[in-house]
Structures are given as structure tokens and as C-alpha cells.
Amino acid sequence: MQIAFGSDDENETTRAVLDHLRERGDVDLIETDSWPDLGAGVGRAVVEGRADVGVVMCWTGTGTAIAANKVPGVRAALAWEPWIARNARLWNDANVLAMSLKRLAPDVAVEVTEAFLDETAPDPEEADAIRRLGDLDRR
Ligand SMILES: O=C(CO)[C@H](O)[C@H](O)COP(=O)(O)O
């Protein structure tokens, strides 16, 4: 699996997530300390096919999620617990995971990341809703 990863700061939580991502696949590190550029850079890596999924982190997780979602084709989801991450994949076909590097403990952030990566395909029952999300990119 190719994973694009970007974080605008570094701490125990980001290091734990990055270590986990490196166990799960090849990591393309997007490096800039500007969170809008970071979110968009990870988003572009995903929609341009250089990565299967992306993971973004900033203090809140929200700024990088918003920036990633500005890239047409990105479905970035902010998650803080595994259930949210898993269902963002299943029900929203999320292709970028966003997390707060300040508010998640390292083990929780790794569990959230694992849940996100473990779900590899959306729920077929959500196909129509996911198609409608794609339509919004084209309006
Ligand atoms: O959480 C964030 C954006 O949502 C940023 O990480 C936070 O605002 C710090 O950014 P900067 O160091 O550029 O001021």
C-alpha cells in the first residue's frame, strides 16, 4: 500500500503513527510546515494516484482535513476513535484520514489509523451516497 503522510508538527503521537504507517506500506512523506499546503499536498498525492490513501495531522486535525477536502476527489475524514475511522471508510469511502496530533494519545492515534487502513472497501449499500459525493466535486 502507498500511503501519503503529512504533519505540520512532530511529537510522540505523530511518530507513533508514522512508525505504524511504515509497517503497513510505503510512505510518501509530504513535508511542509504550512498546514494548508500539507493537506492539499497529501490530497493531491491521493487523487493523482501516487498514494492509495493519505493521513494528515495538525494540532486540531481540522485545518489539514479542510485543506485536503479542497482537492476534488478527496474525501478527508477527521477521526478521533476507531469507530469513526472505520465507518468513514465504509460509509463515506474516505481516502484521507485526519487526526489531531495534540488531542490523541499515541496508542489511540495508532488504533484509529489501523481501523482506517483495515477497511479496504466501502459498504456497497452506500454506493449511491458516495456517487453523490463525487457529483458535488463536479458542480
Ligand atoms: O491545527 C492546526 C490547523 O488546524 C495547526 O496545526 C495549528 O493552527 C498550528 O499551526 P501554525 O503552527 O501554522 O500556527
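We use all heavy atoms of the structure for the numbers below, so side chains are in, but hydrogens, waters and symmetry mates are not. We count ligands from 1, going down the list as the structure has it; atoms in each ligand are counted the same way.
- Ligand 1 has no N or O atom lying under 3.5 Å from any N or O atom of D33, backbone or side chain.
- Salt bridge annotation for D118-R24: present, with a cationic side-chain nitrogen under 4.0 angstrom from a carboxylate oxygen.
- For atom 14 (O) of ligand 1, the nearest protein heavy atom lies 4.0 Å away or farther.
- Short contacts between ligand 1 and T62, defined as distances under 4.0 Å to a heavy atom of the residue, involve ligand atoms 4 (O).
- Inclusion of W59 in the set of residues having an N or O under 3.5 Å from an N or O of ligand 1 is warranted.
- A donor-acceptor pair under 3.5 Å links the side-chain atoms of R89 to the main chain of F116, judged by distance alone.
- Between C58 and ligand 1, no N or O atom pair is found at a separation short of 3.5 Å.
- For atom 12 (O) of ligand 1, the closest non-hydrogen atom of the protein is D8 OD2, 4.6 Å.
- Scanning the protein heavy atoms around atom 1 (O) of ligand 1, the nearest turns out to be T60 N, 2.9 Å.
- In terms of protein heavy-atom proximity, atom 8 (O) of ligand 1 is closest to W35 NE1, 3.9 Å.
- For E12, the CD atom is loosely surrounded, since the number of other residues' heavy atoms within 6.0 Å does not exceed 12.
- Ionic pairing of D128 and R131 is present here: one or more N-O contacts between side-chain nitrogen and carboxylate oxygen are shorter than 4.0 angstrom.
- In this structure, T60 contributes its side chain and S100 its backbone to no donor-acceptor pair below 3.5 Å.
- Within a 4.0 Å radius of atom 10 (O) of ligand 1, the protein contributes one or more non-hydrogen atoms.
- R103 CZ: 12 or fewer foreign heavy atoms inside a 6.0 Å radius.
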